[in-house]
Amino acid sequence: MMTGFARRLAGHLTRGLVMIWVVTTFTFVLIRLMPGDPVQVQIERNIAMGMPPDQAEAAAAVTYGFVPHGPMWKQYLEYMGGILRFDLGVSVESQGVPVADRVLGAMPWTVVLVLTGILVSFLIGVVLGVIAAIKRSTVVGHSLSIAGSLLHGVPPFVIGIILAALFTRQWRLFPSGGVYNADEVAPGLYFDFIGNVLYHAALPAAAYALATYGGWLLAMRSSVASVLGDDFLLAAELRGLTSLTRFRYLARNAILPLFTVLAISFGLVFGGSIFIERIFNYPGLGMLLFSSIGSRDYSMMSGAFLMITVAVIVANILADLLYSAIDPRVRRQA
Amino acid sequence: MTERVARVSVRKQFWRGVWRALRRRPSRLIGLFIVLLFIFMAIAGSWFYPERLPYDAENIYAPISWEHPLSTDFEGVDVLALVITGTQGVLLVAGAAGLLTMLIGTAVGLYSGYNRGIGDSILMRIADFVLTIPGFPLLIVLTTTISLGSWWKMSLVLGLIGWGSLARAVRSQTLSLRERGFIEAARGLGLPTRHIVTKELLPNVAPFIATNLLMAVTGYIYAQVGLYFLGVLPIDTSNWGVMLNAAVFQSGALISPDALPYLLAPLGAILLLTLGVVLIVDALEEIFNPRLRES
């Protein structure tokens with residue numbers, strides 16, 4: 001069993017590394033080989049401002065993590081070497097701030113939001129999905145399915161805008177931005193601070209939850225519908241087991257396929273983080289990517305994009321490992 | 001001759017099935033009507049409105065009236081006109097991107113599922129890769145170098161980002177179909193692969209393509225609206241996203257109740273379009289999967 005697990009993990013890691021390699025190559029091409037090459041632009045701007053050429057080149061080298069001189073493959077290798085050491089260069093916009101610091105600083109806030117949002121929507125979606133499946137030919141079942149499909153189909157930013165309009169402007173129940181109020185609490189592991197962080201995270205997390213629970217509901221509904229006819233449920237009923245026990249049998253079997261959906265929804269949610277964080281002024285990875293694009297801060301932009309991709313890959317691996325740990329059939333296959 | 005007659009009657013039966021599924025629940029007819037309405041707005045919008053909508057500084061955030069059924073925006077432009085003219089460009093791009101997605105996704109899925117082997121595993125690795133890449137962040141990163149304001153570049157990028165899930169769906173369907181009796185019979189008869197793939201397999205995976213395509217096109221519409229909403233594309237066309245951007249981040253529609261229709265109109269358009277698509281997908285599922293029909 002352990003070897004199967006290890007082989008699965010190794011396969012995931014190789015694929016993840018290949019993907020990170022492709023993404024970093026892409027960002028290198030983007031900042032170095034595209035028309036309007038930002039590295040060249042920065043060097044020329046510095047020269048125009050009266051900097052000697054070699055000094056201008058050195059400044060660009062610090063910004064992007066490679067010396068923009070000589071054969072392209074050498075520059076590429078140097079860039080990749082930097083990324084291996086997690087040296088993502090320095091921000092163009094705010095000189096001297098390492099990109100890695102900013103990216104790592106923004107990362108936890110996005111992860112907190114995404115995880116709470118997905119956890120809450122998973123719980124709601126699973127429960128409502130079971131109800132929608134059991135009552136599928138009644139009005140309740142139909143309405144649940146339609147509402148689920150509708151929320152699943154509406155883009156997350158629409159839900160974000162509506163929540164923001166209602167709860168930060170119409171009724172000022174929640175703050176309109178930030179991760180905590182620095183005037184009221186200082187960072188630390190105590191009740192008031194954690195409460196303040198949760199208070200700030202509540203609305204954006206709710207936006208994620210509302211945007212994704214429809215997907216869980218639909219997946220759970222079709223999964224329950226396919227398990228409902230199975231013999232083991234009939235056997236359980238004939239053995240005279242209570243409906244609660246039968247419900248537990250049903251839910252445990254029906255919930256398995258949802259873990260494959262988990263992987264897809266992580267990608268969607270991290271992608272949607274740009275909107276949610278922009279709408280709620282929440283300084284996570286999405287906001288960082290958005291602001292770096294606005295100010296054409298290319299080193300920051302590639303760093304943030306790389307980090308979002310890494311987050312999605314790691315989340316995918318965790319979702320798959322979780323799935324194989326729960327479902328014995330997958331475990332044996334590996 | 002007889003073959004043609006048979007085909008015509010099959011087609012007739014198909015459309016009869018479509019009509020029956022639509023009629024079974026009136027909500028589905030409403031869905032069809034909504035989606036057709038949006039297509040009509042996209043095609044006919046430019047007949048009714050000039051390319052540059054008239055400004056009217058006297059009439060900013062005008063009250064709702066017959067002349068301005070959805071009020072006016074911060075420059076006095078009619079909001080209904082903005083919503084209608086905003087459909088054209090978006091639908092064009094989404095349609096073109098959807099076509100591209102359909103071509104790539106179907107070809108890859110059929111090839112992978114039917115031939116299996118090494119080509120299949122390579123193609124599926126690529127499909128997984130395309131699926132894992134966070135699409136929207138990639139799009140906004142690309143806006144910095146490629147001018148995604150041009151319709152064909154935008155369609156190309158969207159189509160290339162979005163084919164992964166369709167390819168996966170078509171492949172898994174093909175995998176299970178190829179073991180079924182009628183395909184084995186066709187192979188046993190020595191029919192050419194081209195015939196088996198286009199005449200036997202394709203009609204059976206068409207439902208998945210149709211459903212997936214509809215979802216993909218809607219996704220592409222929202223991706224474009226999202227890009228304009230964030231303000232990373234040049235604002236030179238009417239687009240619901242441009243309206244949302246101005247309403248949420250600039251004109252303070254979230255604060256002033258006068259400007260509320262300007263915010264609600266594009267939101268309403270998105271909700272309505274989603275509703276239409278959801279209702280049609282509901283009908284499609286029943287048309288193509290008779291087991292779902294409730295007695």
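Per chain, numbering begins at 1; letters A, B, ... match sequence-line order. Computed from a predicted structure; not experimentally measured. Quick note: numbers below take in every heavy atom, side chains included, and nothing from hydrogens, waters or symmetry partners.
- With chain A as the partner, the residue from B/L267, B/L264, B/I140 showing the most heavy-atom pairs under 4.5 Å is B/I140.
- Between the B/Y228 side chain and the B/L244 main chain, no donor and acceptor come within less than 3.5 Å of each other.
- With salt bridges taken as basic N to acidic carboxylate O contacts below 4.0 Å, one links B/R168 and B/D128.
- Between the B/Q224 side chain and the B/V90 main chain, a donor and an acceptor come within less than 3.5 Å of each other.
- Chain B forms the most heavy-atom pairs under 4.5 Å with one residue out of A/N316, A/I293, A/I146, A/L289, and that residue is A/I293.
- With a 4.5 Å cut-off on non-hydrogen atoms, B/F129 touches chain A through its backbone and its side chain both.
- Here the side chain of A/W216 pairs no donor or acceptor atom with the backbone of A/Y213 at under 3.5 angstrom.
- At a 4.5 Å heavy-atom cutoff, the contact between B/L138 and chain A is made by backbone and side-chain atoms alike.
- Defined by atom type and a distance below 3.5 Å, a donor-acceptor pair is missing between the side-chain atoms of A/Y298 and A/T27.
- Put simply, the side chain of A/D297 never gets that close to the backbone of A/S292: no donor and acceptor are under 3.5 Å apart.
- For a residue to count as touching a neighbouring chain, one of its non-hydrogen atoms must lie under 4.5 Å from one of that chain's; by this rule A/V23 touches chain B with the side chain only.
- Residue B/V278 touches chain A through its side chain alone, counting heavy-atom pairs closer than 4.5 Å.
- Each of A/S149, A/S145, A/G153, A/P155 has some count of heavy-atom pairs under 4.5 Å with chain B, and the biggest count is that of A/P155.
- In this structure, no portion of B/T218 lies under 4.5 Å from any heavy atom of chain A.
- Ranked by non-hydrogen atom pairs under 4.5 Å with chain B, the options A/G271, A/A304, A/G272, A/A225 are led by A/G271.
- Within the 4.5 angstrom heavy-atom criterion, atoms from both the backbone and the side chain of B/V225 approach chain A.
- Here the rule is side chain to side chain contact (heavy atoms under 4.5 Å, CB included) with B/I34, and of B/L275, B/I39, B/V277 only B/L275 fits it.
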